[in-house]
S.K.: 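One structure, pasted below without further comment.
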Amino acid sequence: MSDQIACPLCDERDSALWWQGPGIDTNPSAKFSLYRCQKCDFGFVYPFPSEKELSELYPQTFYRTFGSEEKVENSLSKILQWFMKSIQGERVKWIKLPTGSKKILDIGAGSGTFLRSAAKIGWEAYGVEPNFPEKAKMEPLKIHRGSLESFQAPAGSLQVITLWHVLEHMTNFRSITHRAGTLLAPDGKIVIAVPNFQSWEAKCFKGNWALFDVPRHLLFFTPDNVRKLLEESGLTIERESYFSSEFSWPITLQSFLNLFCTEPMFLYNFAKRQYRKKDFHQPGKYMQNLILSFLGTVIAFIPITLMSLIPAALRRGNVYMVSATKPMATGSA
């Protein structure tokens, strides 16, 4: 039975409850509801958490800085550090970012890892990130610690704008894509990557899906949803992909492990948040999850690889990446 809740994307009041339960990194007693629009398949948390609740989900320690000053304790964290640095080069190649002095803006820049890769090949790198870590090195980047609305730049002044897994966090998603379209220069390019709500993994794992992350993820887009936003902003789709080395295999693996571990996202948290040796002495939690995670990785390596590659080939991968261009003005060469 559908509820009379307006879809934030198409405004139809025909949304059905899709999932309900506790969020990630929140009080277990706090329950969240995710609805899915019966008309456009858009997913959204309702009601949205308050600004205070959301801000508490992004502490200064949330973003890894991957700087030389950062001490890495466990081996898995060292692997993640190397992986996250190397993957930025793949992003640069995917959007076909040429060398040269042009302006790029990364919305939701995190600690600026991707922008540093762009700056290395000569791009003037700007970022918007309200939670940019205080200890992260700013130079040579130009990071605005605030919202896109307060970011000052002339219309048509940017050649590339990127939103790497950002849009699903933004309640004002429509104004974000519209402003991005305004800031782009003619023939400029916007790149968006989001979890694919139409993926087989989303349907199969639901609350155990490693890209679920409610309530940090407030919105869940299908490829058609993203195409609609880009078309509304006057942008023309250039390229699409349903596979990412950064997300596809690792997310499929973690989704599988979430079925068995007592702590959701344990392997990811072990790498990102660097549990200390003392944590493993707590009865029946850390060591149990560590053993399950490593055994599961070894045993399920081949099935997980197939589960990430086959859906991507059939346009049902767990991520959706798209690049779109702004048409040249009429009469332009």
Side-chain angles (χ1 to χ4, degrees), residues 9 40-42 86-100 102-110 113-115 117-118 120-123 125-127 156 158-168 170 173-174 176-202 211 219-252 308-329 332:
L9 182 65
C40 70
D41 280 341
F42 186 63
S86 64
I87 209 69
Q88 307 311 316
E90 179 182 297
R91 288 180 172 185
V92 168
K93 291 177 182 177
W94 193 85
I95 61 177
K96 300 178 180 178
L97 203 63
T99 56
K102 295 183 179 180
K103 295 181 179 179
I104 183 171
L105 171 66
D106 188 26
I107 301 172
T113 311
F114 165 70
L115 284 178
S117 295
K120 284 181 180 178
I121 60 173
W123 282 71
Y126 294 83
L158 300 167
Q159 281 70 45
V160 175
I161 297 176
T162 56
L163 296 98
W164 300 107
H165 291 270
V166 171
L167 213 56
E168 60 269 25
M170 315 295 289
F173 61 94
R174 186 172 261 112
I176 293 291
T177 53
H178 178 75
R179 176 98 201 280
T182 302
L183 291 173
L184 273 182
D187 206 33
K189 180 184 299 186
I190 185 172
V191 177
I192 295 175
V194 293
N196 181 8
F197 198 38
Q198 208 171 45
S199 69
W200 291 347
E201 281 183 32
L211 284 175
L219 309 168
F220 291 86
F221 296 86
T222 69
D224 280 343
N225 296 156
V226 179
R227 294 182 194 114
K228 175 181 173 64
L229 290 175
L230 292 171
E231 290 167 4
E232 287 178 356
S233 300
L235 303 169
T236 302
I237 292 175
E238 173 190 61
R239 188 182 182 196
E240 297 174 298
S241 176
Y242 295 81
F243 179 84
S244 162
S245 297
E246 180 180 3
F247 284 94
S248 294
W249 190 88
I251 290 300
T252 305
S308 63
L309 293 175
I310 294 174
L314 298 175
R315 301 168 68 87
R316 287 295 184 271
N318 57 21
V319 296
Y320 174 66
M321 296 193 299
V322 59
S323 65
T325 56
K326 185 173 183 176
M328 297 285 288
S332 298

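Bear in mind that the values here come from a model prediction, so they are computed numbers and not experimental data.
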S.K.: State which residues pass ring-ring contact (aromatic ring centres under 6.0 Å, His included) with Tyr320; sequence neighbours excluded, sorted by chain then number.
M.R.: Tyr242
S.K.: Please collect all side chain to side chain donor-acceptor pair (under 3.5 Å) contacts where either partner lies in residues 180-199, sequence neighbours excluded, each pair once.
M.R.: Lys189-Glu238
S.K.: In chain order, what residues pass the side-chain contact (heavy atoms from CB on, under 4.5 Å) check against Thr99, with sequence neighbours excluded?
M.R.: Ile121
S.K.: If I compare all heavy atoms of Ser245 with all of Pro250, which pair ends up nearest, and what's the gap?
M.R.: O-CD, 3.9 Å
S.K.: Determine the minimum heavy-atom distance between Ala185 and Gly156, stating which atoms define it.
M.R.: CB-O, 3.3 Å
S.K.: Any donor-acceptor pair under 3.5 Å linking the side-chain atoms of Glu232 with those of Thr177?
M.R.: no
S.K.: For Arg239, check salt bridge (charged side-chain N to carboxylate O under 4.0 Å, His left out) against everything at least two apart and list the hits.
M.R.: none
S.K.: Report the relative orientation of the aromatic rings in Phe173 and Phe221; use parallel for angles under 30°, tilted for 30 to 60°, perpendicular for over 60°.
M.R.: perpendicular
S.K.: Is a donor on one side and an acceptor on the other found under 3.5 Å between the side chain of Ser233 and the backbone of Leu235?
M.R.: no
S.K.: Can you list the steps and then say if Ile176 with Leu229 is a side chain to side chain contact (heavy atoms under 4.5 Å, CB included)?
M.R.: CA-CA 10 Å; Ile176 293 291; Leu229 290 175; over 6 Å; no
S.K.: Quick check: does any side chain N or O of Lys326 sit under 3.5 Å from a backbone N or O of Leu184, one acting as donor and the other as acceptor?
M.R.: yes
S.K.: Is any side-chain heavy atom of Pro327 closer than 4.5 Å to one of Thr236?
M.R.: yes
S.K.: Any donor-acceptor pair under 3.5 Å linking the side chain of Glu168 with the backbone of Phe220?
M.R.: no
S.K.: Closest heavy-atom contact between Lys103 and Trp123?
M.R.: O-CZ3, 3.6 Å
S.K.: Tell me every residue that passes salt bridge (charged side-chain N to carboxylate O under 4.0 Å, His left out) with Arg227, counting only those two or more places apart in sequence or in another chain.
M.R.: Asp224, Glu240
S.K.: Using modelled atom types only, decide if a donor and an acceptor are shared between the side chain of Trp164 and the backbone of Ala109 within a distance under 3.5 Å.
M.R.: no
S.K.: How far apart are the closest heavy atoms of Ser323 and Trp94, and which atoms are they?
M.R.: N-CH2, 3.9 Å
S.K.: Compare all side-chain heavy atoms of Val194 with those of Val322 and state whether any distance is below 4.5 angstrom.
M.R.: no
S.K.: I need the minimum non-hydrogen distance between Ile161 and Ala180, along with the two atoms involved.
M.R.: CD1-O, 3.2 Å
S.K.: Between Asn225 and Cys40, is there a donor-acceptor pair closer than 3.5 Å when you use the side chain of the first and the backbone of the second?
M.R.: yes
S.K.: Decide yes or no for Pro195 and Asn318: does some side-chain heavy atom of the first lie under 4.5 Å from some side-chain heavy atom of the second?
M.R.: no
S.K.: Which pairs pass salt bridge (Lys or Arg N to Asp or Glu O under 4.0 Å) with one or both residues in residues 190-199, sequence neighbours excluded?
M.R.: none
